[in-house]
Structure formats: structure tokens, C-alpha cells
Amino acid sequence: MAKQKNNAGEMSFLGHLEELRWLLVRSSAGIIIGGCIAFAFSSFIFDQIIFAPVKGDFITYRIFCDLANKYDLDKSFCIQELPFEIQSRTMDGQFTTDIWTSITAGFILAFPFILWQFWKFISPALYDKEKKYAVGFIVMTSLLFFIGVIFGHYLITPLSLNFLANYKISDVVKNDIDLDSYLSLVKTTAISCGLVFEMPIIMYFLSKIGLVSANFLRTYRKYAIVVILIIAAIVTPPDVVSQTIVSIPLLILYEVSIFIAARIEKNKAKIEKAENNG
């Protein structure tokens with residue numbers, strides 16, 4: 001009887017594969033639906049979002065220019081336009097770009113739905129108390145991802161474009177940027193920043209399974225700070241204000257990760273103490 005109960009309550013390996021297959025199918029369907037919505041608004045997405053950092057009146061450039069004028073800093077962001085042109089060099093270049101950009105936008109739009117599917121997949125392995133946090137997990141993880149995407153597009157992307165567009169090895173070379181190259185930078189920056197902002201969530205799970213500890217994160221904090229400052233120094237003008245604006249969110253995320261790891265270790269210690277006393 002005990003064996004029958006175990007077989008009924010536990011899913012076989014093939015059953016897990018089947019569930020994983022349907023997770024991928026449903027997630028792909030969500031991305032496609034999101035992509036169709038994005039494709040319907042592709043003109044707005046390209047003109048007002050993707051190609052907006054090329055224009056001199058982009059909000060990031062205006063903010064940095066105002067800060068530069070106010071505090072007498074580097075004026076490299078006080079520009080009319082960036083010194084390059086974007087070109088499509090293949091016959092189907094603009095059409096395929098529209099399709100793949102819509103799929104990328106579909107992934108961003110469908111991210112909460114994908115998280116929900118992922119949660120449904122792992123929920124059988126969670127305790128009942130942990131299952132109650134489903135809504136909070138999806139909301140918080142989605143919020144961090146969207147904040148990261150916005151951070152990447154409105155801060156890292158214009159900083160990177162301004163740096164790369166004005167970097168010269170010789171006046172002989174002119175910048176005629178390929179459409180795929182430009183979009184690769186924009187999309188990669190947005191998605192990667194969205195994933196980087198998931199650091200607290202990733203640290204939560206790594207701490208739960210014992211791969212990362214608060215002490216480990218504290219020990220390597222100085223190295224993390226150096227890496228973050230190096231990244232900020234590369235993508236920003238040579239002034240402290242710009243580097244600080246880029247560095248602060250990443251440093252906050254790292255400190256939040258330490259706090260989460262410490263809380264998990266504290267809860268584990270309480271549970272072990274209760275079990276030993278029991």
C-alpha cells in the first residue's frame with residue numbers, strides 16, 4: 001500500500017519530461033502571442049524605443065547634459081545626433097529584423113507568463129508554505145526583470161552608443177553601422193540587464209540549496225565592487241556622476257542578495273534547532 005501511495009504521489013522521469021515539454025510549448029506560445037502584439041506596433045517600437053537613443057534629444061542625453069552643465073562636467077552628452085548612420089545591407093534585412101525584434105519583444109512581454117509556467121513546473125517539489133508565495137515570486141521577479149530592461153535601454157544603451165560612436169582609431173574611418181549590429185547591441189543590453197537584475201532571485205535559490213552563503217558574498221564583495229566600477233567606467237564618460245549613476249543599482253542588488261542569503265541561513269538554523277529540540 002505504501003508503495004502504491006508513493007507511485008501515485010511522485011511523478012516518473014518520463015512524466016517530468018512531458019511536463020517540461022508542455023512548459024516549453026506553452027512558453028513558446030506566449031512568446032509568439034507577445035511577438036504578434038509587438039509586430040502590430042512595430043513602427044512605434046522602432047521609432048520611439050529602439051532608434052530613440054540615436055537621437056540627440058533622447059531623455060538620457062538631455063539629463064546627462066543638464067547635469068554636465070550644472071556641475072561643470074564632461075559635455076560629451078550635449079549632442080545633436082550621434083556620428084553614424086544605420087544601414088540595412090541585405091534585401092530582406094528590414095523584414096527579418098522586424099520579425100526577430102518582435103519575437104524579442106514578445107519574450108519581454110511574456111516574461112511573467114513564462115515565470116508562471118516555470119513555477120507550476122517546480123511547485124510539486126516545494127513545501128505548502130512555499131507554494132503560497134507564487135504570486136509574490138512572479139510579481140517580484142517580473143518587476144526586477146522589467147526594471148532591468150528599462151535600466152539597460154535608457155541608461156546602458158545610450159552610454160554605450162555614445163562611447164562606441166565617438167571612439168576613433170583614425171579620421172579616415174567612417175561609421176556606417178549595420179542594422180543587425182545596432183539591434184544586437186540594443187537587444188542584448190536590454191535582455192542581459194533584465195537578467196542581471198534577477199540577481200536577488202538567483203541568490204535566493206542558490207542559498208536555498210546551499211551553493212552560496214552570505215559569508216561568501218561578503219568575502220567577495222570587494223571584488224564585485226571592483227568589477228561593477230570597471231564596467232561603469234567603460235560605458236560612461238570620465239566623470240564621477242555618470243559612473244555613480246550606473247554603479248549604484250548594481251551595488252544595491254548585490255547588497256540585497258547578501259541580505260537574502262543571510263535571512264535564508266537564519267531560517268535554516270531555526271528549523272534545524274527546532275528539529276533537534278523536537
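Positions are given from 1, in the same order as the sequence printed here.
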Closest heavy-atom pair and its distance - S213, A261: C-CB, 4.2 Å
For the student: nearest non-hydrogen atoms of I201 and M140, plus distance: CD1-CG, 4.4 Å
Check: Q94 main-chain N/O paired with D98 side-chain donor or acceptor under 3.5 Å: no
Between NZ on residue K208 and CG on residue N267, distance to nearest 0.5 Å: 8.0 Å
Value rounded to 0.5 Å, distance of OG1 in T90 from CG in D180: 6.5 Å
Any donor-acceptor pair under 3.5 Å from S181 side chain to I177 backbone: no
E85/K174 salt bridge by N-O under 4.0 Å criterion: no
Worked check of side chain to side chain contact (heavy atoms under 4.5 Å, CB included) between D178 and Q87: CA-CA 5 Å; D178 187 73; Q87 298 185 3; 5.8 Å; no
Among I108, I50, T101, side chain to side chain contact (heavy atoms under 4.5 Å, CB included) partner for K187: T101
Trace of the side chain to side chain contact (heavy atoms under 4.5 Å, CB included) decision for F151 with V196: CA-CA 11 Å; F151 177 81; V196 166; over 6 Å; no
Pairwise side-chain contact, H153 with C193, heavy-atom cut-off 4.5 Å (strictly under): no
Within-4.5 Å side-chain heavy-atom neighbours: L253 and P200: yes
S192 side chain vs T189 backbone, donor-acceptor pair below 3.5 Å: yes
Shortest non-hydrogen contact between I138 and P112, atoms and distance: CG2-O, 3.9 Å
Salt bridge (charged side-chain N to carboxylate O under 4.0 Å, His left out) between R221 and E255, intermediate numbers included: CA-CA 9 Å; R221 177 195 277 128; E255 294 301 322; 2.9 Å; yes
Test item: L185 and L164 side chains (from C-beta on) under 4.5 Å apart, heavy atoms: yes
Beyond-backbone contact of P83 with N166, side-chain heavy atoms, under 4.5 angstrom: yes
Centroid separation Y220 to Y223 less than 6.0 Å: yes
Heavy atoms from other residues, nucleotides or ligands near CD1 of I59 exceed 12 (cutoff 6.0 Å): no
Any V173 side-chain heavy atom under 4.5 Å of K168 side chain: no
Joint hydrophobic cluster, L115 plus L109, side-chain heavy atoms closer than 4.5 Å: no
Validation row: F64, N162 side chains within 4.5 angstrom (heavy atoms): no
Residues F146, F197; criterion ring-ring contact (aromatic ring centres under 6.0 Å, His included); working and verdict: CA-CA 9 Å; F146 290 138; F197 269 61; over 10 Å; no
Pairwise side-chain contact, C78 with N69, heavy-atom cut-off 4.5 Å (strictly under): yes
Whether E198 side chain and F145 backbone form a donor-acceptor pair below 3.5 Å: yes
Same apolar cluster: L229 and F163, side chain cutoff 4.5 Å: yes
Donor-acceptor under 3.5 Å (S42 side chain, F39 main chain): yes
Exercise: identify the closest heavy-atom pair between A38 and I45: O-CD1, 3.4 Å
Distance flag, aromatic centroids of Y154 and F58, threshold under 6.0 Å: yes
Option among Y204, F259, F205 that satisfies the side chain to side chain contact (heavy atoms under 4.5 Å, CB included) test with I264: Y204
Nearest non-hydrogen partners of D57 and R62, listed with the distance: O-NE, 2.8 Å
Shared hydrophobic cluster, I99 / I32 (ILVMFWY, side-chain heavy atoms < 4.5 Å): no
Approximate separation, where rounding is to 0.5 Å, of I156 CD1 and T188 OG1: 13.5 Å
F118 side, atom CZ; L20 side, atom CG - distance, nearest 0.5 Å: 10.5 Å
Value rounded to 0.5 Å, distance of CG in L23 from CG in L17: 12.5 Å
Donor-acceptor under 3.5 Å (T157 side chain, G152 main chain): yes
Presence of salt bridge, K268 and E265, under 4.0 angstrom: no
Shared hydrophobic cluster for F113 and F121 (ILVMFWY, side-chain gaps under 4.5 Å): yes
Test item: T104 side-chain N/O and W100 main-chain N/O as donor-acceptor pair under 3.5 Å: yes
K55/I79 under side chain to side chain contact (heavy atoms under 4.5 Å, CB included): CA gap, chis, key distance, verdict: CA-CA 9 Å; K55 304 170 185 175; I79 55 177; over 6 Å; no
Shortest non-hydrogen contact from G93 toward L179: O-CD2, 4.3 Å
Separation of S247 OG from Y254 OH (nearest 0.5 Å): 15.0 Å
Same apolar cluster (I L V M F W Y, side chains within < 4.5 Å links), I49/I37: no
V149 vs F111, side chain to side chain contact (heavy atoms under 4.5 Å, CB included): CA-CA, chis, key distance, verdict: CA-CA 12 Å; V149 169; F111 190 77; over 6 Å; no
Pairwise side-chain contact, I260 with M203, heavy-atom cut-off 4.5 Å (strictly under): no
Donor-acceptor contact present, side-chain Y61 to main-chain E81, <3.5 Å: no
